[in-house]
Visitor: 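Dropping the structure in here first, questions after.
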2 protein chains.
Amino acid sequence: MYKRYSKQRTLILEIVKSTHSHPSADWIYNKARKIMTKISRGTVYRNLNQLAENGEINVIKDGDVMKYDGNILRHDHLLCTKCDSVYDINILPKDLDKKVQRLINFDVKQISLTIEGICQNH
Amino acid sequence: MYKRYSKQRTLILEIVKSTHSHPSADWIYNKARKIMTKISRGTVYRNLNQLAENGEINVIKDGDVMKYDGNILRHDHLLCTKCDSVYDINILPKDLDKKVQRLINFDVKQISLTIEGICQNH
DNA sequence: TAACAAATAGGAATCATTCCTGTTTATAAT
DNA sequence: ATTATAAACAGGAATGATTCCTATTTGTTA
């Protein structure tokens with residue numbers, strides 16, 4: 001089995017990497033359509049899932065919508081519940097994974113801290 | 001405006017409080033139907049949202065499904081990605097809210113830490 | 001250049017959740 | 001108690017993000 005690099009996947013990755021705005025799949029789809037008119041929703045979803053599985057991008061659960069993050073360095077999120085904006089922040093120490101792993105009998109894959117509240121714009 | 005206490009809401013709250021299994025709305029709906037045969041899905045969802053808004057129960061985002069937690073004391077969650085189980089754990093200090101609030105210009109409402117991985121059953 | 005698995009487009013299907021409407025019910029005022 | 005009324009309900013339709021399906025296209029290898 002070999003790995004294929006389609007133009008679609010490359011474009012989707014570029015779009016996610018090119019913004020700090022933590023976009024939704026739909027936002028990414030619309031942005032992609034401006035460049036590749038005939039790209040389909042299914043392709044966007046499939047590639048986002050695949051890129052996330054490969055660890056090339058991150059996923060944030062924002063209510064019932066998934067958002068995507070090109071920043072794969074460990075960091076935390078501020079989520080404004082009024083405007084649904086997501087901001088990056090660093091609260092947790094970078095080695096927390098290992099500390100937690102020592103404390104509990106659980107195969108730790110990812111630690112995510114989200115702070116919900118209301119941002120300065122309100 | 002006054003506050004109404006329907007039998008349905010009381011039952012739903014009791015069900016959520018009576019388990020540590022972090023059930024989904026659908027699980028709660030089915031459990032409720034065994035006691036109150038004609039209760040509707042809409043009622044379950046409406047009341048879960050309302051109870052969560054009042055701070056009487058907590059909400060956990062598990063993928064694209066919401067789960068509910070009768071434990072409103074501050075705590076963190078272990079989420080097993082193989083069996084979708086949620087376990088309670090205490091990692092963060094209880095006064096983290098206040099510490100974070102001092103650090104950032106953001107009206108902090110809730111801090112949630114979720115550790116994803118694979119539990120002992122696998 | 002041929003063979004073939006991977007990826008795609010387009011659209012249908014899924015499924016949790018919300019919304020809508022006519023009816024019932026808990027509370028407050030009389 | 002009775003009545004008035006807004007809150008809550010049941011039942012079912014609508015929504016919307018995401019996944020799934022199928023015939024077609026496209027990268028990669030031989």
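Every chain is numbered from 1, with letters handed out A, B, ... down the list of sequences.
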Visitor: Please state how far atom CD in Glu53(B) lies from atom C1' in dA8(D), giving the value in whole angstrom units.
Guide: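 Spelled out: CD on Glu53(B) to C1' on dA8(D) is 15 Å.
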Visitor: In terms of the nearest nucleotide of DNA chain C, which residue is placed more toward the 5' end: Val65(B) or Lys7(B)?
Guide: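 Its nucleotide being nearer the 5' end, the pick is Val65(B).
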Visitor: Round to a whole Å and report the spacing from CG of Asn47(A) to P of dG27(D).
Guide: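 After rounding, the reported distance stands at 13 Å.
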Visitor: Is the side chain of Lys17(A) donor-acceptor paired with the backbone N or O of Gly70(A) at a distance under 3.5 Å, no angle test?
Guide: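 Side chain of Lys17(A) to backbone of Gly70(A): a pair is present.
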Visitor: Please report the interatomic distance CZ(Arg74(A)) to CG(Asn58(A)), rounded to the nearest 0.5 Å.
Guide: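 Here the interatomic distance stands at 9.5 Å.
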Visitor: Enumerate the protein-to-nucleotides 21-25 of chain D contacts in which both atoms are nitrogen or oxygen and the separation is below 3.5 Å.
Guide:
none

Visitor: Considering only Ile, Leu, Val, Met, Phe, Trp and Tyr, and joining two whenever side-chain heavy atoms are under 4.5 Å apart, list the other residues clustered with Leu51(B).
Guide: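 When side chains under 4.5 Å apart are linked, the cluster holding Leu51(B) also contains Leu11(B), Ile12(B), Leu13(B), Ile15(B), Val16(B), Trp27(B), Ile28(B), Tyr29(B), Ile35(B), Met36(B), Ile39(B), Val44(B), Leu48(B), Ile57(B), Val59(B), Met66(B), Tyr68(B).
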Visitor: Got a sec, which residues hit ring-ring contact (aromatic ring centres under 6.0 Å, His included) with His77(A), two or more places apart in sequence or on another chain?
Guide: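 Listed in chain order: His22(A), His75(A).
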Visitor: Identify, residue by residue, the members of residues 29-45 of chain B with a heavy atom below 4.0 Å from DNA chain D, and return them in order of residue number, or none.
Guide: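 Result for residues 29-45 of chain B: Lys38(B), Ile39(B), Ser40(B), Thr43(B), sorted by number.
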Visitor: Whole angstrom is fine here: how far is it from CG in Asp84(B) over to P in dC15(C)?
Guide: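 Distance, rounded to whole Å: 15 Å.
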Visitor: Report yes if a side-chain nitrogen or oxygen of Asn49(A) is closer than 4.0 Å to either non-bridging phosphate oxygen (OP1 or OP2) of dT19(D); otherwise report no.
Guide: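 Answer yes for this pair, as a side-chain N or O of Asn49(A) is under 4.0 Å from OP1 or OP2.
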Visitor: Just N and O in the side chain of Gln8(B): are any of them under 4.0 Å from OP1 or OP2 of dA10(D)?
Guide: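 For dA10(D), OP1/OP2 do have a side-chain N/O of Gln8(B) under 4.0 Å.
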Visitor: Could you tell me the separation between the CG atom of Asn54(B) and the C1' atom of dA8(D), rounded to a whole number of Å?
Guide: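 Answer to the nearest Å: 14 Å.
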Visitor: With a 4.0 Å cutoff (strictly under), does any side-chain N or O of Gln50(B) reach OP1 or OP2 of dA8(D)?
Guide: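 For dA8(D), OP1/OP2 do have a side-chain N/O of Gln50(B) under 4.0 Å.
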Visitor: Under 3.5 Å, which donor-acceptor pairs do the side chains of residues 115-122 of chain A form with other protein atoms, sequence neighbours left out?
Guide:
residue   : atom : partner  : partner atom : Å
Glu116(A) : OE2  : Lys61(B) : NZ           : 3.1

Visitor: Side-chain atoms of residues 91-110 of chain A: list all donor-acceptor pairs with protein atoms under 3.5 Å, sequence neighbours left out, distances to 0.1 Å.
Guide:
residue   : atom : partner   : partner atom : Å
Gln101(A) : OE1  : Val108(A) : N            : 3.0
Gln101(A) : NE2  : Phe106(A) : O            : 2.5
Asp107(A) : OD2  : Lys109(A) : NZ           : 3.4

Visitor: Restricting to salt bridge (charged side-chain N to carboxylate O under 4.0 Å, His left out), what partner residues turn up for Asp26(B), sequence neighbours left out?
Guide: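 Salt bridge (charged side-chain N to carboxylate O under 4.0 Å, His left out) list for Asp26(B), sorted by chain: Arg41(B).
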Visitor: How long is the line joining CZ of Arg9(B) and C1' of dT25(C), in whole Å?
Guide: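 Those two atoms, CZ and C1', are 13 Å apart.
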Visitor: Tracing side-chain links under 4.5 Å among I, L, V, M, F, W and Y, which residues wind up in one group with Ile60(A)?
Guide: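 Reading the cluster by chain and number, Ile60(A) sits alongside Leu79(A), Val86(A).
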Visitor: Tell me: CG of Leu51(A) to C1' of dA7(C), nearest whole Å?
Guide: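 Whole-Å distance recorded here is 13 Å.
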Visitor: Which nucleotide wins on minimum distance to the side chain of Ala25(A), given the candidates dT27(C), dA7(C), dT18(D)?
Guide: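 Of the candidates, dT18(D) comes closest.
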Visitor: dA7(C) P sits how many Å from Ile12(A) CD1, rounded?
Guide: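 Spelled out: CD1 on Ile12(A) to P on dA7(C) is 12 Å.
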Visitor: Can you list everything that forms a salt bridge (charged side-chain N to carboxylate O under 4.0 Å, His left out) with Arg9(B)? Sequence neighbours excluded, please.
Guide: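 Per chain and number, Arg9(B) pairs via salt bridge (charged side-chain N to carboxylate O under 4.0 Å, His left out) with no residue.
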Visitor: Quickly work out the Trp27(A) CH2 to dA17(D) C1' distance and round it to whole Å.
Guide: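 Rounded to the whole Å, the gap is 18 Å.
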